[in-house]
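Okay, so here's the structure we're looking at.
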Amino acid sequence: MSPYILLTFLFVYFGLLLAVSYFTSRNASDNATFFVANRNSKWYMVAFGMIGTALSGVTFISVPGAVGTTNFSYFQFVLGNALGFLVIAYVLLPLYYRMNLTSIYTYLEERLGHKSYKTGAMIFLVSRTVGSAFRLYLVAIILQKFIFDAWEVPFGITVAGCLLLIWLYTNKGGLKTIIITDTLQTFCLLLAVILSIYFMADGLGLSVLDAFERVKDSSYAQIIVWEDLLGNKNHFWKHVVGGAFATIAMTGLDQDLMQKNLSMRTIGEAQKNMLTFTSIFVVINLFFLAVGALLYIYVAEKGIDISMLRTPDYLYPEIALHHLSLAAGIIFMMGLTAATFATTDSALTALTTSYCVDFLNFNKKENPNDPKLVRQRNIVHFVFSVVMLLVILVFRLINDDSVVTAIFTAASYTYGPLLGLFAFGILTRYEVKDQWVPYFCLLSPAIWFALNTYYIVPNTAYRIGFELIVYNGLTTFILLWATSPGKLEKGSRVF
C-alpha cells in the first residue's frame, strides 16, 4: 500500500481531532476543565471512550498475533479483568467520591502519611511514563516501516511529530477534550475490528456469520486451560486471579483511567460507567481474538509465508497492509492509530494532573485556576511530552526486543507495591512507619525479581504468570504490617 495514502489518512484523522479540541476548549481552558472536566461528564460517553484508552495499540496487534501460540486462553485474563472492574466500581470508586479526590493518591496522605502519598504518586508517574512510551514505541515502529521509511524520515522525527499533535489537541481542554476524542477513537477502533473480520471473511469466500462458525470450530477457539497449574503461565486460575488483581492495581489505582471516572457528578453515574465499560470490554476482546484466529486461518488457506516475521505482532499489519484490499489497509491503520493515541493522550493528561496535584499542590492553592497556575500546568504537560519522547528514543537506541520487553515488564512490577499500599490502608486499622514506605516499595519488587530469576526459574517447575502482582502486593502488605507501630487511635477514620 502506498505510504502517500496512509500519510493522507493520518493527516485527515489528526485534523479531525484538532477540530474536536478547538470546539471543546474554546470556552474554557482552566485547570478544573483540564483535570476533571468540571465534574460534568456524561457517564455513557466516558464508558464508551474508556475502551479506547484501555485497549492500546499493543493490544490491537499483540492479542490477535498471540492466538497462534496461546489460542483464546487470553480470554481467561479478560474474565479476571471483569471481576477486578466490579471491585473498582463498588469498593474504590465510593472511596474516591466520598473524599472528593482529584488525584487518587491523595488518599494515601490522609490514611498513611506524606511519604506514602509521594511514593504512590511517584510509582504512577514512572510506571505510566514507561508503559505509555513503550506502547507508542511499538506502534511508531509500524508507522515508520510502512509510511515514513519511504521518505527516509528519522524515527525521532516520526515520534516527535506524533507527540506534538497529541500535545496540541490535549493542551487546552485536557480531560474535557479527551472524553470526546476518546469516544471518536473508540468508535474507529471498534469499526476497524469489525471491518477487519469482514474483509478477511470476504477474502476466504465466507459470510461474517460463516467466518465466526469457522473460528468457533477451529483449534484456536480453546479458552480454558486446566493443564499444569505450576508450569503453565496460561493456566485458568493464574489468568483469572492475575487478571482481577492486575485490573484493580493498573486501573483502579491508576490516575489515568480513574481520572475519567472522577469527572462525573455522582458515584451512581461513575458506577454505571464502570459496569457498561466492563460489558463492552469483554465483548470487544472476543472480537480481537476472533481477528487473530481468522488471520491464521487466512494465512494457512492462502499459503502465505510468515516465517520471516520477527514477532507475531507483525502478523496483523502484514496481512492488512500487504495481502488485503486498500480499504482493509486504511481501516487497519485507523484502528491502530485510534487505539494508540487514545492511550497516549489520556496518559499525558493523567501524568500532568498527578504531577500538578501531587507534587505542585494545585489542590491546596487558594485559586487553582489562577492564570499563572494554568501556564505552569501547560509547561508540565509539555515537559511530560518531551520526557516520553526521550524514553522512546532510549528504547530505539537499545534496539533489542528482549531488553525492551524486560523494561516494560519491570514497569509492571511497580503496581504491586501500589496495590499493597491501598490494600493496607483500606483493609486494616494499623498505622505505618511512613518514612520506611518508599524503601518497602523498592524492596518488594526487588525480592520477587530476584526470587523469580535466580531461584524459581532455575530450580522449580513453577512459572509465574499474571499472578506476580498478587505476590508483589502481598509482600508490600506484610512489610507494612510487620513494622506497624500499632493500631490507629479509636475513632480515627480509615476511609
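All values derive from a computational prediction rather than experimental measurement. In what follows, residues are counted from 1 in the order of the sequence shown.
Put simply, the side chain of Ile104 reaches to within 4.5 Å of the side chain of Leu262, judged on heavy atoms. In this structure, the side chains of Arg463 and Asn232 stay at 4.5 Å or more apart for every pair of heavy atoms. Contact check for Val291 versus Val67: no side-chain heavy atoms found under the 4.5 Å cut-off. By the 4.5 Å heavy-atom criterion applied to side chains, Val208 and Ile194 are not counted as neighbours. Met388 places a side-chain heavy atom less than 4.5 Å from the side chain of Thr344. A heavy-atom distance below 4.5 Å is found between the side chains of Gln271 and Pro94. Side-chain contact between Pro312 and Tyr296: present, with at least one pair of heavy atoms (C-beta onward) separated by less than 4.5 Å. Contact check for Leu294 versus Val215: side-chain heavy atoms found under the 4.5 Å cut-off.
A donor-acceptor pair is defined here as one N or O able to donate and one able to accept, closer than 3.5 Å; such a pair exists between the side chain of Ser263 and the backbone of Lys260. Without hydrogens or angle criteria, Thr129 side chain to Val126 main chain gives no donor-acceptor distance under 3.5 Å. Proximity of a side-chain donor or acceptor of Tyr169 to a complementary backbone N or O of Ala19 within less than 3.5 Å is not detected. With hydrogens and angles disregarded, a donor-acceptor distance shorter than 3.5 Å links the side chain of Gln76 to the backbone of Asn234.
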For this session: Tell me, with the steps shown, if Thr247 and Ile88 meet side-chain contact (heavy atoms from CB on, under 4.5 Å).
Result: CA-CA 9 Å; Thr247 294; Ile88 293 169; 3.9 Å; yes
For this session: Determine, stepwise, if the pair Leu92 / Ile248 fulfils side-chain contact (heavy atoms from CB on, under 4.5 Å).
Result: CA-CA 9 Å; Leu92 293 178; Ile248 293 168; 4.3 Å; yes
Problem set entry | Working for side-chain contact (heavy atoms from CB on, under 4.5 Å), residues Val391 and Tyr137 | CA-CA 9 Å; Val391 173; Tyr137 165 77; over 6 Å; no
For this session: Could you go through the side-chain contact (heavy atoms from CB on, under 4.5 Å) check for Met258 and Leu101 one step at a time?
Result: CA-CA 10 Å; Met258 286 300 97; Leu101 301 181; over 6 Å; no
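Among all heavy-atom pairs drawn from Ala270 and Leu93, the shortest one is O-CD1, 3.8 Å. The two residues Leu315 and Leu309 come nearest to each other via the heavy atoms CA-CD1, 3.8 Å. Counting all heavy atoms, side chain and backbone alike, Ala293 lies closest to Tyr220 at CB-CB, 3.9 Å. The shortest heavy-atom contact between Ile469 and Met250 is CD1-CE, 4.0 Å. The two atoms that bring Leu189 and Gly335 nearest to each other are CD1-O, 3.9 Å, heavy atoms only. The nearest pair of heavy atoms linking Ala244 to Leu83 is CB-CB, 4.3 Å.
With values rounded to the nearest 0.5 angstrom, Ile224 atom CD1 is found 7.0 Å from Leu79 atom CG. Of the inter-residue distances, the one linking Glu301 atom CD with Met200 atom CE reads 12.5 Å to the nearest 0.5 angstrom. Rounded to the nearest 0.5 angstrom, Phe199 CZ and Leu324 CG are separated by 8.5 Å. To the nearest 0.5 angstrom, Ser127 atom OG is 13.5 Å from Gln255 atom CD. In this structure, CG on Asn285 lies 12.0 Å from CD1 on Ile280, to the nearest 0.5 angstrom. For the atom pair CG of Leu125 and CZ of Arg128, the computed distance is 11.0 Å after rounding to the nearest 0.5 Å.
Applying the 6.0 Å contact sphere to OH of Tyr355 captures no more than 12 heavy atoms from other residues, nucleotides or ligands. A 6.0 Å sphere centred on OH of Tyr198 holds no more than 12 heavy atoms belonging to other residues, nucleotides or ligands. For Lys272, the NZ atom sits in a packed shell: over 12 heavy atoms of surrounding residues, nucleotides or ligands are nearer than 6.0 Å. Enclosure of atom CZ in Phe449 is not indicated, since only 12 or fewer non-hydrogen atoms of other residues, nucleotides or ligands lie within 6.0 angstrom.
Among Val63, Val193, Leu190, the one residue that satisfies the side-chain contact (heavy atoms from CB on, under 4.5 Å) test with Phe287 is Val193.
Checking Thr353 against Gln259 by side-chain atom types alone, a donor-acceptor pair falls below 3.5 Å.
Residues Phe332 and Phe60 place their aromatic rings such that the two centres sit under 6.0 Å apart.
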